Every structure is written in C-alpha cells, then in structure tokens.
Amino acid sequence: LIPDDLFCALFRAAWSMVQKGDYWLDLRDGLERIEVEFAHLRRRPIEVRKNKFLVESGWHAGLRSLGKQLLHLRTACYIVVASLSGCRNHEIAYVRNDPCYSTTDDEGEVYWWMKSCSDKTDEGQTEWMIPLAAVQVLKIMERWAKPFQASIEAEIVLRRKANPDDPEIAEAMKHRDAIFLGASNRHGNLVRTLSNNASGDMLRDFLAMLGLGWEW
C-alpha cells in the first residue's frame with residue numbers, strides 16, 4: 001500500500017499536471033505540423049523552427065524536455081485513472097478508444113462509466129463507475145495516444161506488404177485502439193500497450209521527478 005502522505009503528494013502532482021495536458025499536446029501537435037510542412041529541409045533548419053515555435057508558445061525548456069514532459073503526462077493520467085477507478089494495471093492497459101459513457105437515473109443524477117476488460121476471475125468485458133474528473137483525464141489520454149496508434153497502423157500496413165501471413169499483424173491489431181501505449185527502445189521503438197513492468201518503471205520515474213522516495 002502507498003503511504004497516505006505519499007499518495008496525497010503523488011495525486012496532487014498528477015492532477016496538477018493533467019490540468020496542463022492540452023497545452024503540452026498543443027505543443028506536440030504544433031511540432032508535428034512543422035515537421036510535415038518543412039520536410040523538404042535539413043534537420044537543423046527544422047529544429048530551429050521548432051524551438052522558435054516552442055519559445056513563442058511559452059515553452060523555454062527545449063525539445064527534449066518537452067518529450068520527457070509528455071511521458072510524465074501519460075504517467076499522471078495513469079495515476080489519476082488508477083486512483084479514481086480502483087483498476088488494476090492490466091485493466092487500465094485494456095482501456096481502448098472512447099471508453100466512457102454516462103447513464104442518468106430517475107432523479108436526473110448522471111453516472112459515468114469506464115469500459116475495459118478484466119482477467120481477474122475471468123470477468124472479461126466489464127465497466128467501472130468513475131467521477132467526471134477521470135472522464136476528462138481519459139479524453140486527454142485518447143488525444144495523447146493518437147500518434148502512437150498511427151505508428152501501429154503504419155506497422156500493420158508495412159507488415160501486410162511484406163508478408164500478409166505475418167503473425168505479428170494479429171499481435172499489432174490487439175494494440176491498435178489502446179490508449180495507454182509506449183514505444184520500446186529494445187524492440188526498435190515498436191509501439192505496444194504498457195506492460196506491468198513498464199507501468200512500474202514510469203511510476204518510479206515520476207516519483208523521482210517529484211523527489212519522492214518510495215520503493216515497493
């Protein structure tokens with residue numbers, strides 16, 4: 001169990017970060033537009049334009065720092081969703097695009113639900129009641145995941161061209177709609193759903209970034 005004082009500090013930091021999520025994603029998307037528009041130029045002129053765009057947008061820490069910030073944003077979203085839903089790691093990993101819906105009772109009270117899948121006791125497809133705050137965070141994650149999902153789609157296309165019977169095509173398709181994704185440096189930046197080990201590593205990195213010491 002996470003000690004109460006540590007959990008409060010962790011959640012506060014994560015919640016504060018997701019409040020700025022759309023800003024950081026706007027920066028990321030702006031950099032991608034520059035990459036596409038000036039693809040005919042060499043790398044250095046493109047980087048100059050990117051850094052100029054970041055500074056004009058209020059970000060002065062540089063390209064590499066923004067990349068790290070976006071990874072921390074994923075962790076912050078993970079922390080908030082896990083905290084507000086009570087989901088296990090594998091249940092969060094199963095979350096796909098458009099995971100939320102609402103119901104209204106006879107008195108007009110609105111309830112929000114998150115769809116996912118649980119391997120616990122063979123539950124299978126199921127859902128969790130979540131507060132509106134978790135819905136907002138999941139929307140940020142859906143946006144965060146788009147370039148990673150596009151990478152999986154591109155992988156599927158390339159594999160089909162090379163070998164339509166490649167078994168890795170079916171494997172890639174299992175992950176194409178997931179939102180808690182990551183790229184593996186050990187596997188050529190292959191994009192897949194976050195594993196339990198990856199989730200643990202990113203949580204440790206987040207704690208270290210906050211200067212909070214805790215090991216489990």
Side-chain angles (χ1 to χ4, degrees), residues 14 17-37 39 46-47 50 53-54 59 62-82 85 87-100 114-117 134-162 166-206 209:
M17 187 170 290
V18 298
Q19 301 308 298
K20 303 173 184 176
D22 281 322
Y23 166 67
W24 289 319
L25 292 172
D26 285 344
L27 294 181
R28 181 198 68 182
D29 294 348
L31 293 177
E32 178 59 26
R33 287 193 295 272
I34 292 172
E35 186 76 30
V36 172
E37 182 179 355
I46 293 176
E47 288 185 356
K50 286 183 174 181
F53 164 75
L54 291 179
W59 181 264
L63 288 167
R64 182 174 296 181
S65 181
L66 178 62
K68 291 180 180 179
Q69 193 66 53
L70 288 166
L71 292 178
H72 286 317
L73 175 61
R74 178 187 59 188
T75 309
C77 290
Y78 161 83
I79 291 167
V80 172
V81 172
S85 69
C87 283
R88 301 170 179 85
N89 268 356
H90 79 273
E91 293 161 347
I92 293 177
Y94 277 132
V95 175
R96 296 296 190 259
N97 286 337
D98 194 24
C100 302
M114 182 185 77
K115 297 174 290 183
S116 188
C117 182
V135 177
Q136 296 167 344
V137 172
L138 286 166
K139 288 184 181 299
I140 291 174
M141 268 311 302
E142 284 188 89
R143 183 181 174 192
W144 186 98
K146 286 186 181 299
F148 291 83
Q149 293 170 345
S151 178
I152 295 176
E153 293 292 349
E155 176 198 346
I156 292 171
V157 170
L158 289 175
R159 288 188 183 278
R160 281 177 173 160
K161 286 182 178 179
D166 186 345
E168 285 298 319
I169 295 172
E171 180 62 27
M173 291 182 71
K174 294 178 183 178
H175 304 264
R176 67 195 304 183
D177 296 325
I179 62 175
F180 284 95
L181 294 165
S184 173
N185 292 330
R186 289 179 296 179
H187 298 91
N189 286 327
L190 201 65
V191 175
R192 292 292 184 264
T193 305
L194 292 173
S195 65
N196 283 342
N197 287 339
S199 297
D201 289 342
M202 71 184 197
L203 184 57
R204 289 184 179 91
D205 288 344
F206 197 84
M209 182 266 296

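All residue numbers refer to positions in the sequence shown, counting from 1. Everything quoted here is computed from the prediction, not taken from an experiment.
Separating the CZ atom in Arg28 from the CG atom in Leu66 is a distance of 9.5 Å, to the nearest 0.5 Å. In this structure, CZ on Phe180 lies 6.0 Å from CG on Leu138, to the nearest 0.5 angstrom. Note: Glu37 CD to Glu32 CD = 12.0 Å, rounded to the nearest 0.5 Å. With rounding to the nearest 0.5 Å, the separation of CZ in Phe206 from OG1 in Thr75 is 6.5 Å. Leu70 contributes atom CG, which lies 6.0 Å from atom CG of Leu25 (distance to the nearest 0.5 angstrom). With values rounded to the nearest 0.5 angstrom, Ile156 atom CD1 is found 8.0 Å from Ile169 atom CD1.
A heavy-atom distance below 4.5 Å is found between the side chains of Tyr78 and Ser199. Side-chain contact check for Leu73 versus Lys20: every heavy-atom pair is 4.5 Å or farther apart. At least one side-chain heavy atom of Ile152 sits less than 4.5 Å from a side-chain heavy atom of Leu181. Taking 4.5 Å as the limit, some side-chain heavy atom of Met114 sits within range of a side-chain heavy atom of Val81. Two residues are said to be in side-chain contact when any heavy atoms from C-beta on lie closer than 4.5 Å; Arg143 and Asp29 meet this criterion. Side-chain contact check for Lys161 versus Val157: some heavy-atom pair is nearer than 4.5 Å. Taking 4.5 Å as the limit, every side-chain heavy atom of Phe148 sits out of range of all side-chain heavy atoms of Arg192. With a 4.5 Å cut-off on side-chain heavy atoms, Ile46 and Glu35 count as touching.
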Practice task
Begin with the C-alpha distance, continue with both residues' side-chain angles, and end with the deciding distance and a verdict on side-chain contact (heavy atoms from CB on, under 4.5 Å) for Thr193 and Ile179.
Solution key: CA-CA 8 Å; Thr193 305; Ile179 62 175; over 6 Å; no
Practice task
Please step through side-chain contact (heavy atoms from CB on, under 4.5 Å) for the pair His72 and Met202, ending with a clear verdict.
Solution key: CA-CA 8 Å; His72 286 317; Met202 71 184 197; over 6 Å; no
Problem - Pair Asp98-Asp177, side-chain contact (heavy atoms from CB on, under 4.5 Å): steps then yes or no - result: CA-CA 9 Å; Asp98 194 24; Asp177 296 325; over 6 Å; no
Practice task
Decide side-chain contact (heavy atoms from CB on, under 4.5 Å) for Lys50 and Phe53; before the verdict, give the C-alpha distance in whole Å, the side-chain angles of both, and the deciding distance to 0.1 Å.
Solution key: CA-CA 5 Å; Lys50 286 183 174 181; Phe53 164 75; 5.7 Å; no
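Classified by interplanar angle (parallel below 30°, tilted 30° to 60°, perpendicular above 60°), the ring pair Tyr94/His90 is perpendicular.
Looking only at distances, no side-chain donor or acceptor of Ser151 sits under 3.5 Å from a matching main-chain atom of Pro147. Gln69 places no side-chain N or O within 3.5 Å of a backbone atom of Trp24 that could act as its donor or acceptor partner. Glu91 contributes a side-chain N or O that, together with a main-chain N or O of Arg88, makes up a donor-acceptor pair within less than 3.5 Å.
Considering every non-hydrogen atom in both Asp166 and Arg159, the closest pair reads OD2-NH1, 3.0 Å. Heavy atoms only, all atoms of each residue included: Gln149 and Ala178 are closest at NE2-O, 2.8 Å. When every heavy atom of Ala14 is checked against every heavy atom of Val80, the shortest pair comes out as CB-CG2, 4.0 Å. Across Val137 and Val18, no two heavy atoms sit closer than the pair CG2-CG2, 4.1 Å. Here the closest heavy-atom approach between residue Arg74 and residue Gly182 is recorded as NH1-CA, 3.5 Å.
Atom NZ of Lys139 sits in a sparse spot, with 12 or fewer heavy atoms from other residues, nucleotides or ligands closer than 6.0 Å.
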